[in-house]
Amino acid sequence: MILPPAIIGVLGGGQLGRMFTMEAKRMGYRVWTLDPEPDSPCGQIADGQIEAPFDDVEAVLKLAEKCAILTYEFENVNVTSVEAIEQSGKIVSPSSRVLKITQNRLLEKEFLRDHQIPVTDFWKIETLKDIEIAGKEIGFPSVLKTTSGGYDGKGQIVIQTQKEAEEAFQVLEKISEGKRLVWEKYVPFVKELGIICSRNRAGEAITFPIAENTHKENILHLSLVPARIGGKVEERLNEIARIIAESLQIVGTFCVETFLLEDGSVIVNEIAPRVHNCGHYTLDACLTSQFEQHLRAICDLPLGSTQLLSPVAMVSLLGEGKGNELAGVEAALQDPNVKLHLYGKKVAKAKRKMGHLTAVADTVEEAVERALTAHQKLRWR
Ligand code: ADP
Ligand code: MG
């Protein structure tokens, strides 16, 4: 068991690491992070930051030396770096194996399929010839994606025709630097649902209430909890999360992003081997947040209650590329049920996740209304 004031190492210095660090420090732990960006969102809160790229094995091992245990908050961290830490005798949770599978869309889909978990039809793409075959085998509409490195909708293009598929191939082939692409059948979902689950080394796994997610331009816009779904769907998602937790032997918190179909069946979109945007609501509306639960899981502490204390809605606050000063904070906070979270990023580039708002209320509909109303009052200038 790793007890406070042990030092925890976080690969990645973004907002997920920042919120994790806040919770870890509340519980008396110390945190060091590694990120190439100076004064990163996590580095601002942590006890220290090593400023280095993720593939700098020497720097990564320097971080590991300081820490009792390590984790990552960003799934595009180099697997070789995580393996190097493991070889040095330190534990990284989740393991390099989990990272390797979940950071590669093809390996991930193959893994899910092998464990009888439904995924959309897909095809491995290496050449233009594969594009021709996939067009015939899978058809349209579809989505062409890079196998790794993508996030917030980066590295994917929706394709409606063979010609569009060929054009998308040319674009994505450049981004992916010769790595494989994956062709996915477009899923005509009625809802997107996210379930967060934490598993500790003893094999205990606990899920959080399911979030109903809406994306705008492939970036999470709104999460509301409890999701408006039936008991059967809820059971199925819980079952899927447990199968994934067990079969990957995940230690830590992860998220399963899913599509709900008209007939009530569920298809897994992807697994994030880390805390997730759609679990930010847990900070303000659950007894234990996803960040605290991750800490408990990796430190071998007993897991906390994930009980939902109130219906809640979370809306992402994105940069607009217009200015870096946030106006309207006072107006947004006129609603006493609204909470503001800002990640400490200096430049509000268009579509960059700068923060989020949560609102709690007696009903989930009212929570959404309150969160969106507050969100409309905020502007970058
Ligand atoms: P990211 O790593 O950027 O989160 P995702 O694969 O989750 O990538 O895609 C982002 C969003 O794009 C999804 O949440 C969903 O709204 C949409 N999307 C992606 N793939 C598909 C698909 N095969 N069918 C329907 N929508 C999709
Ligand atoms: Mg996603």
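Every number for a ligand or one of its atoms is a count from 1 in the order of the listing.
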Centroid-centroid under 6.0 Å between [X] and [Y] rings:
X: His280; Y: Phe291; result: yes
X: Trp183; Y: Phe140; result: yes
X: Tyr72; Y: Phe54; result: no

(request) Taking the Mg ion (ligand 2) as the reference point, name the nearest N/O/S atom of Glu257. (result)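 So the atom name we want here is OE1.
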Short list, please: which atoms of ligand 1 are under 4.0 Å from a heavy atom of [X]?
X: Tyr151; value: 2 (O), 3 (O)
X: Glu257; value: 7 (O)
X: Asp152; value: 1 (P), 3 (O)

Is it the side chain (CB and beyond), the backbone, both or neither of [X] that lies under 4.0 Å from ligand 1, heavy atoms counted?
X: Tyr186; value: both
X: Val187; value: both
X: Asn269; value: side chain
X: Lys185; value: backbone

(message) With heavy-atom distances below 4.5 Å as the criterion, would you say the side chains of Ile91 and Glu86 are in contact?
(response)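 Not touching, per the 4.5 Å side-chain cut-off.
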(message) Does any part of the side chain of Leu378, heavy atoms only, come nearer than 4.5 Å to the side chain of Val329, both counted from C-beta?
(response)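 They are in side-chain contact.
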Below 3.5 angstrom, do we get any N/O pair linking [X] and ligand 1?
X: Thr120; result: no
X: Gly153; result: yes
X: Lys154; result: no

How far is [atom] from the closest protein heavy atom, and which atom is that?
atom: atom 17 (C) of ligand 1; answer: Asn218 OD1, 3.7 Å
atom: atom 1 (P) of ligand 1; answer: Glu270 OE2, 3.4 Å
atom: atom 27 (C) of ligand 1; answer: Phe259 CZ, 3.6 Å
atom: atom 16 (O) of ligand 1; answer: Glu192 OE2, 2.6 Å
atom: atom 6 (O) of ligand 1; answer: Lys145 NZ, 2.6 Å
atom: atom 9 (O) of ligand 1; answer: Gln156 NE2, 3.1 Å

(request) Say whether, by atom type as modelled, one donor and one acceptor occur between the side chain of Glu164 and the main chain of Gln160 under 3.5 angstrom. (result)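 Confirmed, Glu164 side chain pairs with Gln160 backbone.
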(message) Students often mix this up, so state it plainly: with edges at 30° and 60°, are the rings of Phe189 and Phe259 parallel, tilted or perpendicular?
(response)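 It falls in the parallel class, under 30°.
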Modelled atom types, side-chain donor and acceptor of [X] and [Y], under 3.5 Å:
X: Tyr343; Y: His356; value: yes
X: Asp263; Y: Ser265; value: yes
X: Thr102; Y: Glu75; value: no

(request) Decide salt bridge (charged side-chain N to carboxylate O under 4.0 Å, His left out) for Lys377 and Glu330; before the verdict, give the C-alpha distance in whole Å, the side-chain angles of both, and the deciding distance to 0.1 Å. (result) CA-CA 9 Å; Lys377 306 220 164 106; Glu330 191 187 349; over 6 Å; no
(message) At less than 2.8 Å, would any N/O/S atom of Glu270, backbone or side chain, sit next to the Mg ion (ligand 2)?
(response)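 Coordinating: yes.
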